[in-house]
Every structure is written in C-alpha cells, then in structure tokens.
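Have a look at the structure below, then the notes.
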Amino acid sequence: MTEPTAGADAGVDATAAGAEALGRDPETVSRFVEHFAAQLVEAGMQRMAARIFAALLASDTGALTSVELGEQLKISPAAVSGAVRYLAQVHMVSREREPGSRRERYRVHSDQWYEALTNREAIIKRWEEALREGVVSLGPDSPAGRRLAETLAFFEFIETELEEMMDRWRVHRDEKFGRG
C-alpha cells in the first residue's frame with residue numbers, strides 16, 4: 001500500500017483515501033480510472049468527461065467535489081467544470097450541494113449512467129423523423145431512399161428493443177442486487 005505524502009501533489013482525495021482505508025492501492029485505483037476512461041474515449045466520449053465519470057464510478061461514495069476531482073486527476077477547475085457540464089447534460093452525473101456549503105458535489109448513481117446511455121428516445125425520434133423526410137425527399141424506390149428506409153427501420157427496431165431490454169435489466173438488477 002502506498003503512503004500518501006504531504007502537500008498538493010499528495011494525490012490524497014476522497015477516492016484515493018477511501019481506497020487506502022479499504023486496503024486498496026490508490027495507484028491501482030488510478031490505473032483503473034485511466035483504463036476505463038480510455039475505453040469510454042474509444043467509444044466516443046470526450047476524454048475529460050470520461051476521466052471524471054470513471055473517477056466518480058471508482059469512488060466509494062459515488063460523489064466528489066470539483067476540488068477532489070481536480071486533485072485526483074491533476075486537472076484544472078475549468079477542465080472539471082466543462083466535463084461535468086457535459087456529463088450533467090447527458091444525464092450521467094447529477095449535481096448536489098453540500099449541506100451548509102456553497103460547494104457542489106458531483107454524483108453518479110448506480111443506475112444513472114446506463115439509463116443515460118440507453119435512454120435516447122428523444123434523439124432517436126428526431127433521427128427517425130429526419131429519415132422519414134429523407135425517404136420521401138429522395139424517393140422510396142431510389143437506392144438512397146431504400147438505404148434511408150432501412151436505416152429508419154433499424155432505429156425503430158433499436159428503440160423497441162432498448163425499451164424491452166431496459167425493462168428486463170431492471171428486473172434482473174432487482175433480483176441480483178435486491179432492489180425494489
């Protein structure tokens with residue numbers, strides 16, 4: 001287990017301190033955060049948002065302040081602010097005030113992130129409408145019109161499957177993790 005050092009470069013924050021208290025090596029936690037963040041970036045997420053999201057997931061409380069995130073990830077307050085704004089917009093984290101303080105904590109809830117990743121109904125509906133217009137505009141019998149019609153059918157299929165899959169997931173989660 002790594003011993004923290006004094007000063008600003010100590011790297012001791014809520015996640016690292018919590019990891020150490022539970023017998024986890026803060027360096028191992030940090031490696032996980034960076035590795036998982038890299039996977040999220042590869043899937044299309046912004047780099048800083050991915051790092052912050054992974055850090056929140058790895059924290060035992062699921063919540064960290066801007067200062068804690070900045071210290072852990074060695075990033076500026078502006079970087080934290082921009083990434084958290086994005087994560088909040090896509091409903092992957094929520095903001096909450098610390099009681100009696102002006103400081104905000106950023107929290108990831110156990111179901112918030114996968115709900116955000118799969119609950120894109122409004123976006124899918126807009127894509128479907130644009131594709132319907134495209135089929136009409138380009139002609140349903142043209143090669144482009146047929147391609148758009150197939151794409152539209154795909155999104156309609158995905159939309160239905162996602163709803164059903166999330167219903168099955170919630171039942172499975174409740175059985176496995178005792179929620180209700």
Side-chain angles (χ1 to χ4, degrees), residues 4 7-22 24 26-131 151 154-155 158-159 161-163 165-167 169-170 173 177 179:
D9 293 329
V12 176
D13 54 58
T15 303
E20 208 163 293
L22 293 171
R24 293 188 301 236
E27 287 299 315
T28 301
V29 173
S30 180
R31 277 193 303 276
F32 163 76
V33 166
E34 295 304 327
H35 177 72
F36 188 62
Q39 299 306 308
L40 293 171
V41 168
E42 194 168 310
M45 186 182 279
Q46 299 170 1
R47 182 173 184 272
M48 205 55 63
R51 293 181 72 214
I52 287 173
F53 183 71
L56 288 168
L57 276 179
S59 73
D60 288 326
T61 62
L64 297 169
T65 66
S66 180
V67 170
E68 291 168 337
L69 286 164
E71 288 175 358
Q72 177 184 347
L73 300 173
K74 297 179 182 21
I75 58 177
S76 72
V80 171
S81 177
V84 166
R85 184 174 27 258
Y86 166 78
L87 290 168
Q89 285 173 345
V90 296
H91 308 291
M92 293 181 73
V93 301
S94 60
R95 297 171 190 247
E96 54 190 44
R97 288 253 187 236
E98 289 186 353
S101 171
R102 291 180 13 173
R103 288 193 319 174
E104 286 186 328
R105 294 183 79 70
Y106 307 108
R107 176 175 300 281
V108 62
H109 298 278
S110 59
D111 64 346
Q112 191 168 16
W113 72 278
Y114 48 78
E115 291 283 351
L117 291 173
T118 58
N119 190 9
R120 297 287 190 229
E121 187 175 336
I123 294 169
I124 291 173
K125 290 281 188 203
R126 287 194 306 263
W127 290 350
E128 288 173 355
E129 186 56 37
L131 288 165
T151 304
F154 171 76
F155 282 117
I158 290 296
E159 184 178 13
E161 290 297 310
L162 277 175
E163 290 173 23
M165 181 181 66
M166 288 308 294
D167 289 341
W169 161 248
R170 288 180 195 100
R173 177 198 60 200
F177 296 102
R179 295 185 181 189

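Here the structure is a predicted model, which means the values were calculated and not measured.
- Looking only at side-chain heavy atoms (C-beta outward), Tyr86 and Met45 come within less than 4.5 Å of each other.
- Remark: Glu161 CD is packed, more than 12 non-hydrogen atoms of other residues, nucleotides or ligands lying under 6.0 Å away.
- Atom OH of Tyr106 is separated from atom CZ of Arg95 by 5.0 Å, given to the nearest 0.5 angstrom.
- Glu96 contributes atom CD, which lies 11.5 Å from atom OG1 of Thr65 (distance to the nearest 0.5 angstrom).
- Here the side chain of Arg107 pairs no donor or acceptor atom with the backbone of Ser94 at under 3.5 angstrom.
- In this structure, Val41 and Ala50 approach most closely via the heavy-atom pair CG2-CB, 3.7 Å.
- Arg105 has its side chain out of reach of Arg97: every pair of non-hydrogen atoms, C-beta onward, lies at least 4.5 Å apart.
- Heavy-atom minimum distance, Val33 versus Arg51: CG1-O, 3.8 Å.
- By the 4.5 Å heavy-atom criterion applied to side chains, Leu73 and Val80 are not counted as neighbours.
- For Ala54 against Ala37, the heavy-atom pair with the smallest separation is CB-N, 4.1 Å.
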Going through the distances and angles, do Leu64 and Ile52 end up as a side chain to side chain contact (heavy atoms under 4.5 Å, CB included)?
CA-CA 10 Å; Leu64 297 169; Ile52 287 173; over 6 Å; no

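- Contact of the Glu129 side chain with the Arg126 side chain is not registered, since no non-hydrogen atoms from C-beta on lie closer than 4.5 Å.
- If you take OG on Ser81 and CE on Met48, they are separated by 12.5 Å, rounding to the nearest 0.5 Å.
- In this structure, Phe32 and Thr28 have side chains that are not in contact, with every pair of non-hydrogen atoms separated by 4.5 Å or more.
- Residue Leu69 holds its CG atom at 8.0 Å from OG of Ser59, rounded to the nearest 0.5 Å.
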Would you check, one step at a time, whether the test side chain to side chain contact (heavy atoms under 4.5 Å, CB included) holds for Gln46 with Leu40?
CA-CA 8 Å; Gln46 299 170 1; Leu40 293 171; over 6 Å; no

Candidate pair Glu104 and Val84, rule side chain to side chain contact (heavy atoms under 4.5 Å, CB included), full reasoning:
CA-CA 11 Å; Glu104 286 186 328; Val84 166; over 6 Å; no

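- Rounding to the nearest 0.5 Å places CG of Leu131 at 11.5 Å from CD1 of Ile124.
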Would Leu87 and Val108 satisfy side chain to side chain contact (heavy atoms under 4.5 Å, CB included), going step by step from the backbone distance to the final call?
CA-CA 10 Å; Leu87 290 168; Val108 62; over 6 Å; no

